[in-house]
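Along the sequence shown, residues carry numbers from 1.
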Amino acid sequence: MPSDQSTWLVAIPQDGDADGLLQELTGKITKPTSSTLAPLPLPAFKTGTLDTLISLSEDLPKYEASFTATVAKTVETLRNLLNNDPSKLAQHIQVNEQPVDAYLLRDWHWNEGRYGVQRGLRDMLDVLNKEMTSIDNVMKNKLNNYNLAKGSLVQMQRKKTGNLSVRSLADVVKKENFIPDSEYMETLLVAVPKNFVKDWNLKYERLTPMVVPRSSTLIASDDEYTLFAVVVFKRVHDDFLQKCRDNKFIVRDFVYSDDMLVQQREELDTADTTEKELWTELLRLSRINFSEAFQILVHMKVLRLFVESVLRYGLPAHYVGFFVKPEPKATKRTLATLQTHFAYLGRRANPTRTKTGAGGEEFVGEYQALLEQEYFDFVLFEVPWIVL
C-alpha cells in the first residue's frame, strides 16, 4: 500500500477527456476523503526503443534511491543547522521560494527550458544524474569544511570551559605566579584532585630531591581540581612528573607568555568568526540545493512514471497524470476509490492476470522480485513528504 506520508504520482492511458476525468476524480476523492488532487502534465517524450525502455526501467529505481538520499541528506543538514526548529525549517525547506506542496500541487510543469524533451530518455536521465551528483559533491565538501571549523571552535571553547586539569590556563595564571627566568629552577603547575589536596600539601616537598620547600602556592580551584604552582630544579623535572603521575597529580604542560592570553583570544575570535561565516554559507547553499535537488527528484519520478506507462500500456504514448496528496486518515479509502475507478484498466494494464496454466512458471524465477511488488491497474510512484 502506498505510504500515507507521501504524495502520489499517478498515470493512466488518455482514452478521452482528460479534464473531465480529473474533475470526476476530484469529486470522488476530494470531498469524501479530504485528499488533494492536482494535474500532472506528462511531456511528449521520445519513447525510444523497447530495449531502451526496459533498460531504463531497471536503472531508474537505483537513481531514485540515490536522488532521494541526496534530498534527505540536505534536509538533515538544514535540521542540524537550524536546531530542528520547525518554523525556521519552513522558511528554508522550499522549492522556488514556495512550500513543497505548492510546488507540486499548484500548476506543476516539466521544466522544458532546462530539460528539453527533444532529448532521448537516457540522455535526460544522464543530465538529471549529473546535476544531482554535482549537488551531492558540493554539499559534502561544504559540510566537511563546516564540521572541521565547528570542531576546531568546540575544541577551543572546551579548553576554556573544562576543569583545571584540561582547560587552557592562559586566563587563569598571572606573571607573578612564576619565578623569573632561571638557569637552574622552574615553576611547574600541578592540578590536584580535590580529595588529594591534603596529600599534596604533605608530600610535594618529598616527591623528589631539589623541590623548593614551601614553594607550593594555590592559584585557582574548581569543583574537581585545585591548581598549585611549585618551584623545582630543572634537573629533576622528569622525575618530578613521574612521581606526580604516581600520586594522581597532573602536571600541566604550560609555559607562561605575556602574549599568550591575547593570542588565545585572537585564535578563539578567528575560529568563531570562521564558524559563523561557514554556517551562513552552508545554510544558504543548503536552501538553494534543497530546492534544486527536490526538483530534480520530481523530474526523475515523472520520467519513471512515463517509462512505466509506456511499458505497461504501450503506444501511442498519450497518458493522463495527476498528483494525489492523501489525507493520512483516509489513505485506504483514497486508494480504494482509485482502484475502483480504474478497474477497467485491469485487462490492459496487467494482462498476466488472465494468463494461467502451462508456461506461466517459466517467468517466475527471473521476475520474482517484480511479481512480489504491490501492483495497481494504474501506474503509481511516490514522493515522500518533508516532515518539519
Could you check whether N111 and H109, counting side-chain N and O atoms only, form a donor-acceptor pair closer than 3.5 Å?
no
Tell me whether the count of non-hydrogen atoms from other residues, nucleotides or ligands lying under 6.0 Å of CZ in R114 goes above 12.
yes
Nearest non-hydrogen partners of G314 and Y319, listed with the distance
O-OH, 2.6 Å
So, does Q94 use its side chain to make a donor-acceptor pair with the main chain of A90 at under 3.5 Å?
yes
Can the positive tip of R167 be found less than 6.0 Å from the middle of the six-membered ring of Y225, inside 45° of the ring normal?
no
Within-4.5 Å side-chain heavy-atom neighbours: V324 and L335
no
W385 ring centre to K325 NZ or CZ under 6.0 Å, with the angle to the axis within 45°?
yes
Can Q242 and D238 be counted as having a side-chain donor-acceptor contact under 3.5 angstrom?
no
Heavy atoms only: give me the nearest S35-I29 pair and the separation to one decimal.
CB-CG2, 3.7 Å
Checking E112 against R119 for the salt bridge (Lys or Arg N to Asp or Glu O under 4.0 Å) test, could you report, in this order, the C-alpha distance in whole Å, the side-chain angles of both residues, the deciding distance, and whether it holds?
CA-CA 10 Å; E112 293 198 23; R119 289 190 178 97; over 6 Å; no
Please say whether more than 12 non-hydrogen atoms of neighbouring residues, nucleotides or ligands are located less than 6.0 Å from CG in N96.
yes
Before accepting this row, confirm whether a basic side-chain N of the pair K276/E281 lies closer than 4.0 Å to the acidic partner's carboxylate O.
no
Return yes if a side-chain donor-acceptor contact under 3.5 Å exists between S257 and D259, otherwise no.
no
Is the gap between the ring centers of Y256 and F178 under 6.0 Å?
yes
Tell me if the NZ atom of K332 is crowded by more than 12 foreign heavy atoms within 6.0 Å.
no
When you compare the side chains of E277 and T273, does any donor N or O come within less than 3.5 Å of an acceptor on the partner?
no
K130 atom NZ, neighbour heavy-atom count above 12 within 6.0 Å:
no
Do side-chain atoms of K28 reach the backbone of T334 as a donor and acceptor pair under 3.5 angstrom?
no
Give a yes or no on this: more than 12 heavy atoms of other residues, nucleotides or ligands lie within 6.0 Å of atom CZ of R235.
no
Heavy-atom count around N144 CG within 6.0 Å, excluding the residue itself: above 12?
yes
Which of parallel (below 30°), tilted (30 to 60°) and perpendicular (above 60°) describes H299 and W110?
tilted
Polar side chain donor-acceptor pair, R122 to S55, under 3.5 angstrom
yes
For atom CG of D181, decide whether the heavy atoms of other residues, nucleotides or ligands shown that lie under 6.0 angstrom number more than 12.
no
Step through the shown structure and confirm whether more than 12 heavy atoms of other residues, nucleotides or ligands are within 6.0 Å of CD on Q155.
no
Between E224 and K194, does any NZ, NE, NH1 or NH2 come within less than 4.0 Å of an OD or OE carboxylate oxygen?
no
Could you label the plane-to-plane angle of the W200 and Y204 rings as parallel, tilted or perpendicular, counting under 30° as parallel and over 60° as perpendicular?
parallel
Under a 3.5 Å distance rule, please check whether N84 uses its side chain to pair with a backbone N or O of N80 as donor and acceptor.
no
To the nearest 0.5 Å, atom CG of L303 lies from atom CD1 of I296 at 13.0 Å
Please work out whether the ring planes of F342 and Y344 are parallel, tilted or perpendicular, with thresholds of 30° and 60°.
tilted
